[in-house]
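Worksheet for the structure shown next.
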Amino acid sequence: MGTMVRRILGFLWKYKWRFLASSILLLCLVGIIYFTSFDRALFDSQSQAITFLDRNGKPLRTYFSADEKYSQYCTLSEVSPHFLRAIVLIEDKGFYSHKGIVISSLGRALLQNIKGGRVISGGSTITMQLTKLIYNHRERSMTNKISEIFSALKFELHLSKAQILEHYVNRLPFGNMIYGIKEASQFYFGKKPRDLSLNQAIYLALIPKSPSRYNPAKHLKRLRQRRQQVLKLFKKRNYISAGEHSRAESEGIYFDMKDYPFFAPHFIELVKKEYTPQNIPANIHTTLNLELQQEVEGIIRAHLGRLRNYNVSSGAAIVMDNQSHEIIAYVGSPGYFNDQISGYVDLADSLRQPGSTLKPFVYALALEEGYTPASILPDIKFPSKGGFFPKNHDGLEHGPLRLRVALACSYNIPAFYMAMKLKPRRVIEKLQQAGFYYLKSDPGFYGETIALGSGEVKLRDLVEAYSLFANQGRIYSPIVIKGKRTQSRQVFHAKTAYLIWHILSDPAARFAGFGYDSSMNLPFPVAVKTGTSKGFRDKWALAVNSEFTVGVWIGNPKGDNMSDLSGVGNAATIMRDIFLAVQKDWTRGEPDIPPGLVKHTVCPLSGQLLSSNCRDTVEEYFDRDNPPSGICNYHVREGDRITVKYPEIYRQWAGKTHNGNELSLQRENKKRISFPQQGDFFYISQAVSRQNQVLTFEVMGFSSGEEVQFILDGSHYKTLRIPGVATWKMQPGDHRLSIHSRGVELDTIEFAVR
């Protein structure tokens, strides 16, 4: 073993000069590779804080950068020359003359550290400090110091002095999690860095030397003393005149340190979803109007304070500009940090039961299926499945109603009837098209009660959908980022949208349900719809005109029931106050009337053209292609007297309403099946016991005591004597029902059950 070692050493000694030359050549090659290679991506990787601004440039909220800093980048041209002079003077007087390191400074620092027995000085130039910031060197060690020296030499080879200084001032630590001159200038003085005064520039240049030691909030006296020294150096080096020095000496200083803004937090979270972490800019100009936002928040808090005794704890509201399709106010809860009401939950983006707020879409579909605002709907108890029958909010039945009145008064019975005639499947498809895409359960799960709020929706989507009534049936996706383009889709015909808007904006049509002294009546044209979910868990108010759409929800995040708010003001009252706050021009509001709509004078009871016997009149809009049919046959002259003759289906209602006095009924000329009707479609609900899901077969035109045989799917089902009742437990399939009397088939209809 020893012999082998001696041979190796002898070989090395013999060829020592060759090895030395080779080693030097290798080191030179490594040095060339090191100093010529340069990764500019190092300077692009600085993460910045993200600031959200309102539509007028007012700060809404600032988020930390990815590395937990408040920081924004700026160029040297955006920075006060006073600051640039001060930072060079304080940190590296020879910055513009050296090549990255100063040997004398490094030697002096080494002697000071050896003498003091600890690290007292680093001897670092601005370029060396930049490498330290770039590579995030947290510890003072020999390894890091050597790395900083070589990196500084490399930086000087590849970057100009201006580039080095720009990267440096954008990474300087200013305490309070602030990094970079732009963010520091804004935080400490509320200014852009180019607008800093001489004193302000010097103060800021001093802080990075030791952000904790020179923290203005704690050590302002120490900072002032050091500022005075730097100011003298400025005068000595002729950076400033004697007059500028005197003014700066006598000038006071005020640090305008404020907490970072925290406005509209739920809206900001919504805006963030528009970006990916890779493409989010440092400044985002949103569509929000901060002044209006704060006013809307104040309105909600004031009303919730008034309603606290009625077990109402929270609310949400959205205001959308219908001209620009921009969200200008968005309140997800009255208190983001209030854990008692789960304030951090965005209730404008939460699924809740909508109550009657979906009825306008059901009636809009009916208009597109051939109904008109004057079509008569039965607001009476009619046969339905499962033993369920809806009740109106006033507990009454109102007999024959024009569609206009049924919708404007938000009666439940005609809406249920309408959903049954249109078929729940069609209603749900249209609701999905309107943006309620999450109504995905089988149509049988919702049934006809979809018109009464059996699904769950979001306030955000209600506002978006309601805006179509003022936008010619077209939905425009709400814009939350200023300057961004919207997308749109046609959901209803323009004539349909206008008719629904006109109905919901008609105080006379809703008088029977809400009276004239209602929060739904505003001093300018606006269509309003309210809704209440089962058990008073949710209260809604939606309002729309050509200018704005406003949506309001109130309730309890956990779903607790509210007290009955009748007479004390509720969501509609809040909506009214918000709409009054946002719309300043009371002369505007009605959407343009689409071509193809015409007015006819009709009988308000029958919805038909006037006869000479009609006592009252009303004007109604009709599609030119779907005018009213027939002359009123409700008002009949009998001798010298005019009486009202109701169709036979209103027998029971008229008997209760008129108490048998002056009751006149139009006897059906044809004996027929009145329920189900031809083509009716029923769903077996998963939420109700099968035993309770039955249909009641009803007939018309028969006198009391007559016998009727029901033939179902070709087989005798039941014989009954009028006014008996025939019920049938629903079975899936396509069915055919016939009625016979005295051996003669009188009527046949087909219906389906799924």
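Just so it is clear, the values below take in all heavy atoms, side chains as well, and ignore hydrogens, waters and symmetry mates.
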If you define the side chain from C-beta out and look only at heavy atoms, does anything of Ile207 sit under 4.5 Å from Pro216? yes
After noting the C-alpha distance and the side-chain angles of Arg576 and Ser519, does the key distance pass the side chain to side chain donor-acceptor pair (under 3.5 Å) rule? CA-CA 6 Å; Arg576 176 186 172 86; Ser519 297; 5.7 Å; no
Residue pair Gln72 / Asn170, side-chain donor-acceptor N/O under 3.5 Å: no
Report yes if some heavy atom in the side chain of Ile428 is under 4.5 Å from a heavy atom in the side chain of Ile450; otherwise report no. yes
Arg85 side chain to Ser80 backbone, donor-acceptor under 3.5 Å: no
Are the side chains of Asp346 and Phe267 in touch, meaning some heavy atoms are under 4.5 Å apart? no
Flag, side chain of Asp339 to backbone of Ser342, donor-acceptor distance under 3.5 Å: no
Whether Asn279 side chain and Thr276 backbone form a donor-acceptor pair below 3.5 Å: yes
Restricting to non-hydrogen atoms, name the atom on Pro591 and the atom on Ala470 that form the minimum distance, rounded to 0.1 Å. CG-CA, 4.0 Å
For Val296 and Ala329, the nearest pair of non-hydrogen atoms, with its separation, is CG2-CB, 4.1 Å
Can you tell me how far the OG1 atom of Thr286 sits from the CD1 atom of Ile268, to the nearest 0.5 Å? 5.5 Å
Minimal non-hydrogen separation, Leu304 against Gly315, with atom names: CD1-N, 3.8 Å
Between Arg588 and Asn545, is any side-chain donor less than 3.5 angstrom from a side-chain acceptor? no
Does any non-hydrogen side-chain atom of Ile574 lie less than 4.5 Å from one of Asn570? no
Report the relative orientation of the aromatic rings in Phe579 and Phe548; use parallel for angles under 30°, tilted for 30 to 60°, perpendicular for over 60°. perpendicular
Pairing of Arg460 and Glu464 as salt bridge, 4.0 angstrom limit: no
Assess the residue pair Tyr168 and Ile87 against the criterion (side chain to side chain contact (heavy atoms under 4.5 Å, CB included)); give the C-alpha distance rounded to whole Å, side-chain angles, the decisive distance to 0.1 Å, and a yes or no. CA-CA 10 Å; Tyr168 177 66; Ile87 200 69; 4.0 Å; yes
Residues in salt bridge (Lys or Arg N to Asp or Glu O under 4.0 Å) with Arg537, at least two apart? none
Do Glu166 and Leu76 have side chains that get closer than 4.5 Å, going by heavy atoms? yes
Tell me if the aromatic rings of Tyr203 and Phe189 count as close, with their centers under 6.0 Å from one another. no
Assess the residue pair Ser71 and Glu183 against the criterion (side chain to side chain donor-acceptor pair (under 3.5 Å)); give the C-alpha distance rounded to whole Å, side-chain angles, the decisive distance to 0.1 Å, and a yes or no. CA-CA 5 Å; Ser71 176; Glu183 196 71 36; over 6 Å; no
Looking at Phe174 versus Tyr188, is the centre-to-centre ring distance below 6.0 Å? no
I need the Gln490 CD to His493 NE2 distance, nearest 0.5 Å. 8.0 Å
Centre-to-centre under 6.0 Å for Phe469 and Tyr498, is that the case here? no
Treating Arg171 as the side-chain partner and Tyr179 as the backbone partner, does any N or O pair qualify as donor plus acceptor under 3.5 Å? no
Ring-face cation contact, Phe492 with Lys430, 6.0 Å cut, 45° max: yes
In this structure, CD1 of Ile475 is separated from CG of Asp461 (nearest 0.5 Å) by 9.0 Å
Are any side-chain N or O atoms of Ser197 and backbone N or O atoms of Gln200, one a donor and one an acceptor, separated by less than 3.5 Å? yes
Kindly compute the distance separating CD1 (Ile126) from CG (Leu165), expressed to the nearest 0.5 Å. 6.0 Å
Would you please classify the geometry between the Tyr438 ring and the Phe436 ring as parallel, tilted or perpendicular, with 30° and 60° separating the classes? perpendicular
Is it true that Tyr336 and Phe262 have ring centroids separated by less than 6.0 Å? yes
Considering all heavy atoms, the nearest Thr75-Val79 contact: O-CG2, 3.5 Å
Does the side chain of Lys359 pick up a donor-acceptor pair with the side chain of Ser410 at under 3.5 Å? yes
Does one side chain, of Ser467 or Thr549, offer a donor that lies under 3.5 Å from an acceptor on the other? no
Between Tyr466 and Thr357 (side chain of the first, backbone of the second, donor and acceptor by atom type, cut-off under 3.5 Å), is there such a pair? yes
Determine whether Leu198 and Ile202 make a side-chain contact, defined as any pair of heavy atoms from C-beta on separated by less than 4.5 Å. yes
Calculate, to the nearest 0.5 Å, the distance between atoms CG and CZ belonging to Leu462 and Arg352 respectively. 13.0 Å
Going through the distances and angles, do Leu196 and His82 end up as a side chain to side chain contact (heavy atoms under 4.5 Å, CB included)? CA-CA 8 Å; Leu196 292 169; His82 291 313; over 6 Å; no
If we ignore angles and hydrogens, is there a donor and acceptor under 3.5 Å between the side chains of His303 and Asp577? yes
What verdict does the side chain to side chain contact (heavy atoms under 4.5 Å, CB included) test give for Leu130 and Ile164, after you've listed the backbone C-alpha separation in whole Å, the side-chain angles of each residue and the deciding distance to 0.1 Å? CA-CA 8 Å; Leu130 176 59; Ile164 291 171; 3.9 Å; yes
Classify the side-chain pair Asn556/Ser313 by whether it contains a donor and acceptor separated by less than 3.5 Å. yes
Just distance, no hydrogens or angles: give the donor-acceptor pairs under 3.5 Å from side chains in residues 477-484, sequence neighbours left out.
{"unit_1": "Ser477", "atom_1": "OG", "unit_2": "Gln487", "atom_2": "O", "d": "3.4"}
{"unit_1": "Lys482", "atom_1": "NZ", "unit_2": "Arg55", "atom_2": "O", "d": "2.6"}
{"unit_1": "Lys484", "atom_1": "NZ", "unit_2": "Glu274", "atom_2": "OE1", "d": "2.4"}

Can you confirm whether Lys440 is buried at NZ, in the sense that more than 12 heavy atoms of other residues, nucleotides or ligands lie under 6.0 Å from that atom? no
Going from CG on Leu499 to OH on Tyr621, what distance comes out if it is rounded to the nearest 0.5 angstrom? 9.0 Å
For atom CG of Asp592, decide whether the heavy atoms of other residues, nucleotides or ligands shown that lie under 6.0 angstrom number more than 12. no
Is there side-chain contact between Leu459 and Leu347, with at least one heavy-atom pair below 4.5 Å? no
With a cut-off of 6.0 Å (strictly less than), are more than 12 heavy atoms of other residues, nucleotides or ligands near CD of Glu91? yes
Flag, side chain of Ser333 to backbone of Gly343, donor-acceptor distance under 3.5 Å: yes
Ser533 (side chain) donor-acceptor with Pro354 (main chain) under 3.5 angstrom: no
Think Lys182 forms a cation-pi with Phe187, using NZ or CZ under 6.0 Å from the six-ring centre and within 45 degrees of its axis? no
With heavy-atom distances below 4.5 Å as the criterion, would you say the side chains of Gln583 and Phe524 are in contact? yes
For Arg301, is there an ion pair with Glu297 - N to carboxylate O distance below 4.0 angstrom? yes
Could you walk me through whether Phe52 and His285 satisfy the side chain to side chain contact (heavy atoms under 4.5 Å, CB included) test, starting with their C-alpha distance in whole Å, then the side-chain angles of each, then the deciding distance to 0.1 Å, before giving a yes or no? CA-CA 6 Å; Phe52 293 84; His285 292 265; over 6 Å; no
With a 3.5 Å distance limit and no angle check, can you tell me whether Trp501 reaches the backbone of Val544 through a side-chain donor-acceptor pair? yes
Is there a donor-acceptor contact under 3.5 Å from the side chain of Tyr363 to the main chain of Ala415? yes
Would you check if the distance from the ring center of Tyr330 to the ring center of His266 is below 6.0 Å? no
